[in-house]
Amino acid sequence: MVDKTNKTYPLEKIRNIGIIAHIDAGKTTTTERVLYYTGKSHKIGEVHEGDTQMDWMEQERERGITIQSAATTCFWKDCRINIIDTPGHVDFTAEVERSLRVLDGGVIVFDGSQGVEPQSETVFRQAYKYSVPLLFFVNKLDKLGGDFFMTLDSIDERLTKKAVPVQLPIGFEGTFSGVVDLIERKAYKFEGDLGEKVIEIDIPEDLRDKVEEYRGRLVEKVAESDDTLVEKFLNGEEISVDEIRDGLRKLTISAEVYPVYAGASLANIGVQLLLDGVAAYLPSPKDKPDIPAYKPGSDEGLTLVADEKGPFVALAFKVQTDPYVGRLVYFRVYSGKVSAGTYIYNATKNQKERLGRIILMHANKREEISEIKVGEIGAAVGIDAITGDTLCDEGNKAVLEAITFAEPVIGMVVEPKSKGDRDKLATALKKFLEEDPTLRVKTDDETAQTIMYGMGELHLEIVVDRMKREFGVEVNTGMPQVAYRETVRKTVETVEGKYIRQTGGRGQYGHVIVKIEPLERGKGYEFENKIVGGAIPKEYIPAIQKGMVEAAESGILAGYPIVDFKITLHDGSYHDVDSSEQAFKMAAIMAMRSAQRSADSFLLEPIMSVEVVVPEEFMGDIIGNLSGKRGKIEGTERRGKATAVHAKVPLAEMFGYATEARGMTQGRASFTMEPSHYEEVPQNIAQQIMESKSGVTRKE
């Protein structure tokens, strides 16, 4: 096998791609084929045998799912392809979010018997948010119910009207045996023990009309990329294969078209042609628009160009603890280059750091390199950065846009089993909080219990499992808890907070008058300073804001965080001698407490988007059961030979639902859920929640 790692690839020949999909669509299986056909591995690992290279964690191999995004580099034709294989389970959606932030292109894998599934929609929306060009790969076409055209219709209805097939399948379900390339009008089958021999064959006679029909649609779409091609198309002139490819590349990079490929990774059909598509149509770092950045501490914009000669700027997008080299910080270089052993500047934290070593990762295997350049993805050893930090030259400071993550919706009490586990638990939680931006840890003031919040039951279960395996921490866990929120219903113009303490000598004096008003769902918290005429000196304003934020961490109803409100500071007073930052912070906390009482506070609960896929004969039972869980049924649709039921259901009602759904359907139902939004808790249930939080101050 020829080692191409040390060969220098020009920027236009680099592809940074992610392989993303719904759970069980075949991402990791597809990635394993990619590694084999590109010569990166000598054998194909299989998910069902627990020997894949990209799913290297014990928990991944035991469960047959991807939990952490894994990075690797491989080479195809004349391109260097950096791949990130991402999780498909909704609980680990942050891994997809941060990966998409640093990728130039992606491949969404669909299960050809299921069409578009919920997480497929989620990852497509995430890719759309970051303007990531995509190829679509309809996988599992050899499976019972595998239907390329049903999946196309599903993409058209649920994702985008811009999906255009560049291939058609030969055969159906058990007879699926190859693909037809619509651009070149050539058919291919895949032979050899592992489908490594791509053999050109004649297009089957019964497919010829369909090939011409779909090729005509493709050419018509491609013609839109260029005025000359439009003219040729309208005049009935032949558009050449090269012109089609150039036009398709242009449209794909601008996300005006999503080319659709067909295959069956487990049966070793179609993956090499998908790789051809990655090289031909997905962008290099040079094809992407200039990267927006800012000068540290200001809103002044900067423009970074993907150029090796430019100043070094990179984004840290993932932190991982490696058992052999310690703390690893994954980063993507957007401009310039950097060498191991040099000093860099963390513009987010305003600190200088020494970049000890640079490592290229292949799943959990490491390869040390001396330098990393624009367009490349590597991992740093020895720096203190966290997810979202910008790394740059000290002489050319820049800050890139950070990565935003969804808020966790579910909590679990974790308690060390012994005194010896207590310190180890604190160490483990510190590491996990660095690694995982969707994990939160809070100590309950009333019970002194440690509560860990995450994106779902599986997310928290995996963290507890990793604590035991990686840190030797034994913990007792409590029942999962819903991450409720508190908010306010009405606007109150004048709320006063006055903190006065006289204890001999210098006293404490802080006085604020604020307005509180509700914001729409999901807006979080806003603070506006409208002090005029020096009623409160400027130096006390940050302390007031800090007091408001601190008070909002624990509401008066049941101690949950307060969200979706705006505080406007419009008046107050101070004392020349007795006023201090601490006094104004305390006055702000008192005002916040008073404001929550006056503004008609109420509880919010997380609502989940739930999809249950079930045989039709059990559909009525599922709908009745979800309705009984305060669920709102939004509709049903055919999904292959089953029916998908869509509903919005409060998270509090969904614990243990997997077992419940299996029991109702003789084990034949599968379901997925993901956070949707927050809604008001019905009064009777809110009362129960408040009563269960004994010792927390009630609303007066």
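Start at 1 with the first residue, then count along the sequence.
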May I ask you to check if R489 and F602 form a cation-pi contact, with NZ or CZ under 6.0 angstrom from the six-membered ring centre and within 45° of the axis?
yes
When you check the gap from the basic side-chain N to the acidic O, do E121 and R158 get nearer than 4.0 Å?
yes
N/O donor-acceptor pair under 3.5 Å between S594 side chain and M590 backbone
no
List the steps and the verdict of salt bridge (charged side-chain N to carboxylate O under 4.0 Å, His left out) for K523 and D564.
CA-CA 5 Å; K523 285 291 184 186; D564 303 337; over 6 Å; no
Hey, are the side chains of Q167 and V260 touching, using non-hydrogen atoms and a 4.5 Å cut-off?
no
Show your working on side chain to side chain contact (heavy atoms under 4.5 Å, CB included) between Y525 and I562 and close with a plain yes or no.
CA-CA 8 Å; Y525 158 68; I562 310 162; over 6 Å; no
Check whether any side-chain heavy atom of F565 lies under 4.5 Å from a side-chain heavy atom of E517, and answer yes or no.
no
The reported gap from OH in Y678 to CG in L603 (rounded to nearest 0.5 angstrom) is 11.5 Å
Checking side chain to side chain donor-acceptor pair (under 3.5 Å) between K648 and each of E679, E634, H677, which is the one that passes?
E634
Can a donor-acceptor pair be found, under 3.5 Å and without considering hydrogens, that links the side chain of H570 to the backbone of E493?
yes
One pair to check against side chain to side chain contact (heavy atoms under 4.5 Å, CB included): H22 and S120. What are the steps and the verdict?
CA-CA 5 Å; H22 185 90; S120 313; 3.5 Å; yes
Check: S265 main-chain N/O paired with T29 side-chain donor or acceptor under 3.5 Å
no
Between the main-chain N or O of A661 and the side-chain N or O of T665, is there a donor-acceptor pair closer than 3.5 Å?
yes
Looking at side-chain heavy atoms only, is the closest gap between F110 and E117 below 4.5 Å?
no
Could you give the distance from CD (E550) to CD (Q545), rounded to the nearest 0.5 Å?
13.0 Å
Could you check whether atom CD of E637 has more than 12 heavy atoms from other residues, nucleotides or ligands sitting under 6.0 Å from it?
yes
Least distance between heavy atoms, T387 atom then P437 atom
CG2-CG, 4.5 Å
For a 4.5 angstrom cut-off between non-hydrogen side-chain atoms, does I607 reach K632?
no
Pairwise distance CZ(R638) to CD(E616) - rounded to 0.5 angstrom
5.0 Å
Considering all heavy atoms, the nearest G277-Y261 contact
CA-OH, 3.2 Å
V319 side chain near K431 side chain, heavy-atom distance below 4.5 Å:
no
In terms of relative ring orientation, are Y258 and F136 parallel, tilted or perpendicular, with 30° and 60° separating the classes?
parallel
Do you know which two heavy atoms are closest between K162 and T160, and how far apart they sit?
N-OG1, 3.0 Å
Side chains of N16 and I83: closer than 4.5 Å at any heavy-atom pair?
no
Decide yes or no on side chain to side chain contact (heavy atoms under 4.5 Å, CB included) for V475 and L425, but give the supporting numbers first.
CA-CA 8 Å; V475 294; L425 174 62; 3.9 Å; yes
To the closest 0.5 Å, what do you measure between CG (D436) and CZ (R466)?
8.5 Å
Of all heavy-atom pairs linking D104 and P133, the shortest is O-CD, 3.0 Å
K629 atom NZ, over 12 foreign heavy atoms within 6.0 Å:
yes
Calculate, to the nearest 0.5 Å, the distance between atoms CG and OG1 belonging to L282 and T252 respectively.
7.5 Å
Are F149 and Y214 an aromatic pair by the rule of ring centers under 6.0 Å?
yes
Can any side-chain N or O of E486 pair as donor or acceptor with the backbone N or O of L557 at less than 3.5 Å?
yes
Given side chains that start at C-beta, do those of L152 and P165 come closer than 4.5 Å, heavy atoms only?
yes
Of all heavy-atom pairs linking G112 and T151, the shortest is O-OG1, 3.2 Å
Here the gap from F137 atom CZ to L274 atom CG, rounded to the nearest 0.5 Å, amounts to 5.5 Å
Which heavy atom of F124 sits nearest to which heavy atom of L159, and what is that distance?
CE2-O, 3.6 Å
Could you check whether atom OH of Y128 has more than 12 heavy atoms from other residues, nucleotides or ligands sitting under 6.0 Å from it?
no
When you measure from the side chain of T487 to the backbone N and O of V563, does any donor-acceptor pair fall under 3.5 Å?
yes
Cationic N near anionic O, under 4.0 Å, K490 to D600:
no
Does the side chain of K140 come under 3.5 Å of the side chain of S113 through a donor N or O and an acceptor N or O?
no
K221 bridged to E224 by N-O distance under 4.0 Å:
yes
Report the C-alpha distance between R630 and I685 in whole Å, list the side-chain angles of each, state the deciding distance to 0.1 Å, and finish with yes or no for side chain to side chain contact (heavy atoms under 4.5 Å, CB included).
CA-CA 11 Å; R630 300 191 281 131; I685 294 169; 3.4 Å; yes
Can K143 and D111 be counted as an ion pair, charged N to O under 4.0 angstrom?
yes
Is there side-chain contact between L103 and I17, with heavy atoms separated by less than 4.5 Å?
no
